[in-house]
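Worksheet for the structure shown next.
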Amino acid sequence: MLYRFFALTIVGFWTTMMVLLVRNEVSPATSGLREVPLDHVLKTFFLHEQPSDLTLRAGHDLMGHVRFHPRVEKQTQLRFLDLTGSMQVQNFEKRRQRLTWDAQLELSPELKVKVARFGVNAYQPAPYRAELTVWPQANRAHFELRDRDRLQTSEDYTLDRSGASRALNQLGIDPMLIDTVSAQQKTAVPPVVKARQAYLRVRGEKVETFLVTFEQNGQTMLEAHVSKLGQILKVTTALGYTLAPEDPLP
């Protein structure tokens, strides 16, 4: 059961990564006057390399913490987005337990994704760690599951239909699910990710920001305010979760 939980978590991250790696070309004629290129927001992160320490809440309930840290490796000029965090979740036995995770995107100086890494840890009933590493240019992913320091599972997958079918089959899920998802994707409206100039009131003061939005079928699924120094000031989601600093910037 715990293996299945970890595996489903990894598959969810894998699916998310595939969405993020899709690059959509937007016609300049459709851009609003206050819109800015997404690449400009990313470059702002790496220009200042400012970390963002955020609390995760569901309504007023504190669920966990997230740290987001962009950085540049001086020798190679590679860009890294490091993400760490922890939260309380309810497992399949309806018991709450603490999960921690760490993720990293490694990008070229041109902001092309070279490697994506994701790991999640659980501590009950015993320490477990699941790791997924994706090399999009090589069309390859590697998954590992460890029980304490013992390697339980090690698998390589291709980032295509064959690899997805194999992963679903190992999870005991009908691979025909891929056909259902593919059919839905053909008729679904592609997600739209964009950024524009905006502002956010913090401690009663008006702070200029970049507002990054993720929209699906006309519904805003996520909004993120990013300061001009590249710090995340506020994130709201359609699911009711929010991220914000404990001590917001003035």
Side-chain angles (χ1 to χ4, degrees), residues 9 13 16-17 19-21 36-58 61-89 98-121 123 129-134 193-214 221-237 239 241-250:
T9 301
F13 173 75
T16 302
M17 282 303 307
V19 173
L20 292 176
L21 293 174
V36 295
L38 285 172
D39 283 358
H40 179 72
V41 180
L42 278 175
K43 290 176 181 177
T44 301
F45 285 133
F46 297 114
L47 178 63
H48 301 286
E49 300 184 55
Q50 293 290 313
S52 299
D53 292 297
L54 310 166
T55 57
L56 172 65
R57 295 181 182 275
D61 297 330
L62 178 62
M63 302 296 293
H65 297 83
V66 177
R67 180 178 176 84
F68 177 87
H69 190 190
R71 56 188 177 87
V72 179
E73 191 176 76
K74 303 305 180 185
Q75 292 183 340
T76 63
Q77 289 302 300
L78 290 174
R79 273 66 173 155
F80 293 89
L81 288 175
D82 295 323
L83 182 69
T84 57
S86 64
M87 70 180 300
Q88 296 288 331
V89 298
R98 179 173 173 266
L99 291 182
T100 63
W101 69 86
D102 50 273
Q104 183 185 79
L105 280 180
E106 178 182 328
L107 304 100
S108 70
E110 297 76 32
L111 302 181
K112 302 286 187 180
V113 178
K114 296 173 67 67
V115 187
R117 304 179 180 90
F118 177 75
V120 60
N121 303 282
Y123 305 94
R129 177 172 174 82
E131 295 181 351
L132 177 71
T133 305
V134 179
V193 183
K194 56 187 177 181
R196 64 181 178 85
Q197 298 180 42
Y199 72 89
L200 182 69
R201 290 202 172 274
V202 180
R203 294 178 177 173
E205 296 187 14
K206 187 175 178 180
V207 178
E208 292 186 354
T209 66
F210 299 116
L211 179 62
V212 180
T213 58
F214 181 95
M221 304 303 294
L222 180 147
E223 287 188 343
H225 282 274
V226 180
S227 77
K228 295 302 179 70
L229 292 178
Q231 287 185 298
I232 300 174
L233 300 182
K234 186 178 182 181
V235 180
T236 57
T237 70
L239 297 177
Y241 292 98
T242 61
L243 284 164
E246 285 190 8
D247 185 16
L249 300 175

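Throughout, residue positions are numbered sequentially from 1 according to the sequence presented. Since the structure is predicted, the reported quantities are computational estimates derived from the model, not experimental observations.
- Here OG1 of Thr55 is found 12.5 Å from CE of Met87. Values are rounded to the nearest 0.5 Å.
- For Arg79 (side chain) and Gln77 (main-chain N/O), a donor-acceptor pair under 3.5 Å exists by modelled atom type.
- Atoms CG and CG, from Leu47 and Leu229 in turn, are 9.0 Å apart once rounded to the nearest 0.5 Å.
- In this structure, the side chains of Asn121 and Asp102 come closer than 4.5 Å at one or more pairs of heavy atoms.
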Sequence neighbours excluded and cut-off under 3.5 Å, please list the side-chain donor-acceptor pairs for residues 67-74, or say none.
from, atom 1, to, atom 2, distance (Å)
Arg67, NH1, Asp53, OD1, 2.7
Arg67, NH1, Asp53, OD2, 2.8
Arg71, NE, Asp82, OD2, 2.5
Arg71, NH2, Asp82, OD2, 3.4
Glu73, OE1, Thr76, OG1, 2.5
Lys74, NZ, Glu49, OE2, 3.1

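- Atoms CG and CE, from Leu243 and Met63 in turn, are 11.5 Å apart once rounded to the nearest 0.5 Å.
- The closest side-chain heavy-atom distance from Val36 to Gln197 is below 4.5 Å.
- The two residues Thr44 and Gly230 come nearest to each other via the heavy atoms CG2-N, 3.6 Å.
- Partners of Thr213 under the side chain to side chain donor-acceptor pair (under 3.5 Å) rule, at least two apart in sequence or in another chain, do not exist in this structure.
- Nearest heavy atoms, Phe80 versus Phe46: O-CE2, 3.4 Å.
- Within the 4.5 Å cutoff, the side chain of Glu106 has no heavy atoms near those of the Val113 side chain.
- Other residues, nucleotides and ligands contribute only 12 or fewer heavy atoms inside 6.0 Å of the OH atom of Tyr241.
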Inset, instruction - Evaluate the side chain to side chain donor-acceptor pair (under 3.5 Å) criterion for residues Tyr123 and Thr100: first the C-alpha distance (whole Å), next the side-chain angles of each, then the deciding distance (0.1 Å), finally the verdict. - result: CA-CA 9 Å; Tyr123 305 94; Thr100 63; 2.8 Å; yes
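- Under a cut-off of 6.0 angstrom, the local environment of NZ in Lys228 is crowded, with over 12 non-hydrogen atoms contributed by other residues, nucleotides or ligands.
- At a threshold of 4.5 Å between non-hydrogen side-chain atoms, the residues Leu78 and Leu107 do not count as touching.
- Closest approach of Ala103 and Phe118 over heavy atoms only: CB-CD1, 3.8 Å.
- Nearest heavy-atom pair, Ser227 versus Leu233, reported as atom, atom and distance to 0.1 Å: CB-CD1, 3.9 Å.
- Side-chain contact check for Thr236 versus Leu222: every heavy-atom pair is 4.5 Å or farther apart.
- Between Val115 and Thr133, the closest side-chain pair of non-hydrogen atoms falls below 4.5 Å.
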Legend entry - Criterion side-chain contact (heavy atoms from CB on, under 4.5 Å) on Arg129 and Glu131, from CA distance to verdict: CA-CA 7 Å; Arg129 177 172 174 82; Glu131 295 181 351; 2.6 Å; yes
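- At a threshold of 4.5 Å between non-hydrogen side-chain atoms, the residues Thr242 and Thr237 do not count as touching.
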Inset, instruction - Give the C-alpha distance, both sets of side-chain angles, the deciding distance and a yes or no for side-chain contact (heavy atoms from CB on, under 4.5 Å) between Leu200 and Lys234. - result: CA-CA 9 Å; Leu200 182 69; Lys234 186 178 182 181; 4.1 Å; yes
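- Between the side chain of Gln231 and the backbone N or O of Pro51, at least one donor-acceptor pair lies under 3.5 Å.
- Arg201 CZ to Lys206 NZ: the interatomic distance, rounded to the nearest 0.5 Å, is 6.5 Å.
- Among all heavy-atom pairs drawn from Thr209 and Tyr199, the shortest one is OG1-N, 3.7 Å.
- Residues meeting the side chain to side chain donor-acceptor pair (under 3.5 Å) test with His48, sequence neighbours left out: none.
- In plain terms, the two heavy atoms of Val193 and Leu38 that are nearest each other are O-CD1, 3.5 Å.
- The shortest side-chain heavy-atom distance between His225 and Val207 does not fall under the 4.5 Å cut-off.
- If you take CG on Leu83 and CG on Leu105, they are separated by 9.0 Å, rounding to the nearest 0.5 Å.
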